[in-house]
Amino acid sequence: MYTAHPDRYTDMPYRRTGRSGLKLPAISLGLWHNFGPADRTVETQRAILRRAFDLGVTHFDLANNYGPPPGAAESAFGEALKSDLAAYRDELIISTKAGYLMWPGPYGEWGSRKYLLSSLDQSLTRMGLDYVDVFYSHRPDPETPLEETMGALHSAVQQGKALYVGISNYSAEQTREAARILGELGTPLLIHQPRYSMLDRRPEDEGLLDALDELEVGSIVFSPLEQGLLTGRYLDGIPEDSRAASDSPFLNSDALTEDLVAQLRELNGIAESRGQTLAQLALAWVLRGGRVTSALVGASSPQQIEDSVGTIRNLDFDADELARIDAVLKK
C-alpha cells in the first residue's frame, strides 16, 4: 500500500492563483498522451503519479478527450486514484475540461450547456469522483453565446460538481468578457490555460498575460517544452523513438530545421551554465517573475517528472541571461 513521502511539501513552491485562496504547485502534471494508451503499463502510470505527489506535485490536469482513446486518461487516473491516492483526495487539485470532440452528433463538442454539463458528469464517473477542483471550457465556441458557456460553468459550481472554473485557448478579449460574465453570475474566473513557451510567446505578444494581470486571474501554461523540442532529445538529430520521428500531428520531423537545432544547442549551453537541463531552463523561463502560476508538464516515466521538478532549484534569471535567451531566439 502506498504511503506518501512525509517531506512532500518541503521544497515545492506553491503560488496563489490570481486573487483566489487556491495555491498551485509551480510544476503540475498533465495527463494528456501518457495516460490510458495500451502501450503505457498501468504500473508505470501509477508510479509516475506516486512520484509526482511525493515531490509535492498536488495538481493533476486532465480533459475529457485525453487518451487515446478519448476518456482513457480519466479512466486510468480514476483507477490510480482508487488504488493509491484516495486517502489524499483533500490534498489534491484535480482538473478536467470539455470543448473538443468527445462523442458523435451535434452535442459532442464545443461549448453548449448540453455538452459541457453532460461531459462533466461523464468525467466524474470515469474518475470515480463527486467533484473536480477545476472545470474548464477547453476552447471558445464561435456559435454558442459566451453567456451560455459561462453559465454552464457557473452551474457546475452551483451543483457542487466543481469548486472553481477556468478557460483555455481564449483570446485576451474573450477572457475579459468571460471574466465579466462569470463575475456577474457570482462564480469568479479562477484560471486560464494557454499555450506558452520560449518558442511560442503569443500570450505575451497578444496581450493575454496583461489581461490576466489586470483581471487578477491565474494562469497555467501547457506545452512549455513545445512537445519535447525544448528538451535534450533533439540536440543531435531525431531519435527513432521520438514524437518527431513518428510524424505526430503535434510535432513532425519538418519542424526540426537546422536553424532551430542550432538555437536549441545554444539554449542548452545557457542551461548548462545555470546548472540545468534544457527542459529545466524552459520551465524556469515560463515561471520567471511570477506572472505564470504553474507550468504543466507531461511525463512518460518517474525520472521525467523528477527532472521537471528539479527546475524549482533555480527559478531566477538575471538580466544578462534573459537577454542571451532573447538573442538566441531572434536569430
Legend entry - Distance, nearest 0.5 Å, that separates OG of Ser119 from CH2 of Trp103: 5.0 Å
Legend entry - Which residues share a ring-ring contact (aromatic ring centres under 6.0 Å, His included) with Tyr196, sequence neighbours left out: Trp285
Legend entry - Gln159 vs Tyr131 side-chain heavy atoms within contact, under 4.5 Å: no
Legend entry - Which residues share a side chain to side chain donor-acceptor pair (under 3.5 Å) with Glu214, sequence neighbours left out: Arg176
Legend entry - By side chain to side chain donor-acceptor pair (under 3.5 Å) - contacts of Glu306 (at least two apart): Arg51
Inset, instruction - Decide yes or no for Gln193 and Ser95: does some side-chain heavy atom of the first lie under 4.5 Å from some side-chain heavy atom of the second? - result: no
Inset, instruction - Check whether Leu215 and Leu146 end up in the same hydrophobic cluster, where Ile, Leu, Val, Met, Phe, Trp and Tyr are linked by side-chain heavy atoms less than 4.5 Å apart. - result: yes
Legend entry - Crowding at CD, Glu43 (>12 non-hydrogen neighbours, <6.0 Å): yes
Inset, instruction - Side-chain contact test, heavy atoms from C-beta onward, threshold under 4.5 Å: evaluate it for Phe317 versus Ile270 and give yes or no. - result: no
Legend entry - Arg195 and Glu226, any side-chain heavy atoms less than 4.5 Å apart: yes
Legend entry - Short N-O contact, Arg16 and Glu216, less than 4.0 angstrom: no
Legend entry - Within-4.5 Å side-chain heavy-atom neighbours: Leu260 and Leu199: yes
Inset, instruction - Determine whether Ile305 and Leu230 fall in the same hydrophobic cluster, where Ile, Leu, Val, Met, Phe, Trp and Tyr are linked whenever their side-chain heavy atoms lie under 4.5 Å apart. - result: yes
Inset, instruction - For residues 307-321, pull every pair meeting salt bridge (Lys or Arg N to Asp or Glu O under 4.0 Å), keeping only residues two or more places apart or in separate chains. - result: Arg274-Glu321
Legend entry - Greater than 12 external heavy atoms within 6.0 Å of Asp7's CG: yes
Inset, instruction - Report the distance from atom CZ of Arg15 to atom CG of Leu287, rounding to the nearest 0.5 Å. - result: 5.0 Å
Inset, instruction - Starting at CD of Glu147, measure out to CG of Leu182 and round the result to the nearest 0.5 Å. - result: 10.5 Å
Legend entry - All pairs passing salt bridge (Lys or Arg N to Asp or Glu O under 4.0 Å) where residues 52-69 contributes a residue, at least two apart: Asp61-Lys97
Legend entry - Pairs where residues 277-293 contributes a residue and the test salt bridge (Lys or Arg N to Asp or Glu O under 4.0 Å) is met, not counting sequence neighbours: Glu204-Arg288, Asp210-Arg291, Asp213-Arg291
Legend entry - Validation row: Phe35, Ile48 side chains within 4.5 angstrom (heavy atoms): yes
Inset, instruction - For Ser300 and Gln304, test the side chains for any donor-to-acceptor distance below 3.5 angstrom and give the result as yes or no. - result: yes
Legend entry - Test side-chain contact (heavy atoms from CB on, under 4.5 Å) applied to Tyr115 and Asn64, step by step: CA-CA 11 Å; Tyr115 168 65; Asn64 59 353; 2.8 Å; yes
Inset, instruction - Any chance you could lay out the side-chain contact (heavy atoms from CB on, under 4.5 Å) test for Leu81 and Leu92, step after step, and finish with the verdict? - result: CA-CA 10 Å; Leu81 185 66; Leu92 303 178; 3.8 Å; yes
Inset, instruction - Check whether any side-chain heavy atom of Met12 sits under 4.5 Å from a side-chain heavy atom of Val57, and report yes or no. - result: yes
Legend entry - Residue list, side chain to side chain donor-acceptor pair (under 3.5 Å) with Ser20, at least two apart or on another chain: none
Inset, instruction - Keeping to residues at least two apart or across chains, list the ring pair (Phe, Tyr, Trp, His ring centres under 6.0 Å) pairs with something in residues 172-193. - result: none
Legend entry - Ser28 and Ser294: side chain donor to acceptor below 3.5 Å: yes
Inset, instruction - Using the rule that two of Ile, Leu, Val, Met, Phe, Trp, Tyr join whenever any of their side-chain heavy atoms come within less than 4.5 Å, decide whether Ile167 and Ile94 are in one cluster. - result: yes
Legend entry - Polar side chain donor-acceptor pair, Ser75 to Glu79, under 3.5 angstrom: no
Legend entry - Distance (rounded to the nearest 0.5 Å) between Leu283 CG and Met198 CE: 9.0 Å
Legend entry - Minimal non-hydrogen separation, Pro194 against Leu208, with atom names: CB-CD2, 3.6 Å
Inset, instruction - To the nearest 0.5 Å, tell me how far Ile220 CD1 sits from Ile27 CD1. - result: 9.5 Å
Legend entry - Listed partners of Phe53 passing ring-ring contact (aromatic ring centres under 6.0 Å, His included), at least two apart: Tyr88
Inset, instruction - Could you walk me through whether Leu117 and Lys161 pass the side-chain contact (heavy atoms from CB on, under 4.5 Å) test, one step at a time? - result: CA-CA 10 Å; Leu117 295 179; Lys161 296 176 182 178; over 6 Å; no
Inset, instruction - Check ring-ring contact (aromatic ring centres under 6.0 Å, His included) between His138 and all other residues, then give those that pass, not counting sequence neighbours. - result: Tyr100
Inset, instruction - Please answer: with hydrophobic residues joined when any side-chain heavy atoms are less than 4.5 Å apart, are Val132 and Leu189 in the same cluster? - result: yes
Inset, instruction - Using a cut-off of 6.0 Å, state whether more than 12 heavy atoms not belonging to Glu184 lie near its atom CD. - result: yes
Inset, instruction - State the CD1-NZ distance between Ile325 and Lys330, to the nearest 0.5 angstrom. - result: 12.0 Å
Inset, instruction - Examine the side chains of Thr58 and Tyr9 and answer whether a donor and an acceptor come within less than 3.5 Å of each other. - result: no
Inset, instruction - Please check if Leu24 and Leu163 belong to a single hydrophobic cluster, counting links between Ile, Leu, Val, Met, Phe, Trp and Tyr side chain heavy atoms closer than 4.5 Å. - result: yes
Inset, instruction - Output, in order, the C-alpha distance, side-chain angles, deciding distance and verdict of side-chain contact (heavy atoms from CB on, under 4.5 Å) for Thr96 and Met127. - result: CA-CA 10 Å; Thr96 197; Met127 291 188 284; 4.3 Å; yes
Inset, instruction - Hey, could you give me each pair passing salt bridge (Lys or Arg N to Asp or Glu O under 4.0 Å) that has a residue in residues 99-120? Not counting sequence neighbours. - result: Glu109-Arg139
Inset, instruction - Kindly say whether Pro140 contributes a backbone atom to a donor-acceptor pair with the side chain of Gln174 at under 3.5 angstrom? - result: no
Legend entry - Residue list, ring-ring contact (aromatic ring centres under 6.0 Å, His included) with Phe77, at least two apart or on another chain: Phe60
Legend entry - Heavy-atom side-chain proximity of Leu153 to Phe135 below 4.5 angstrom: yes
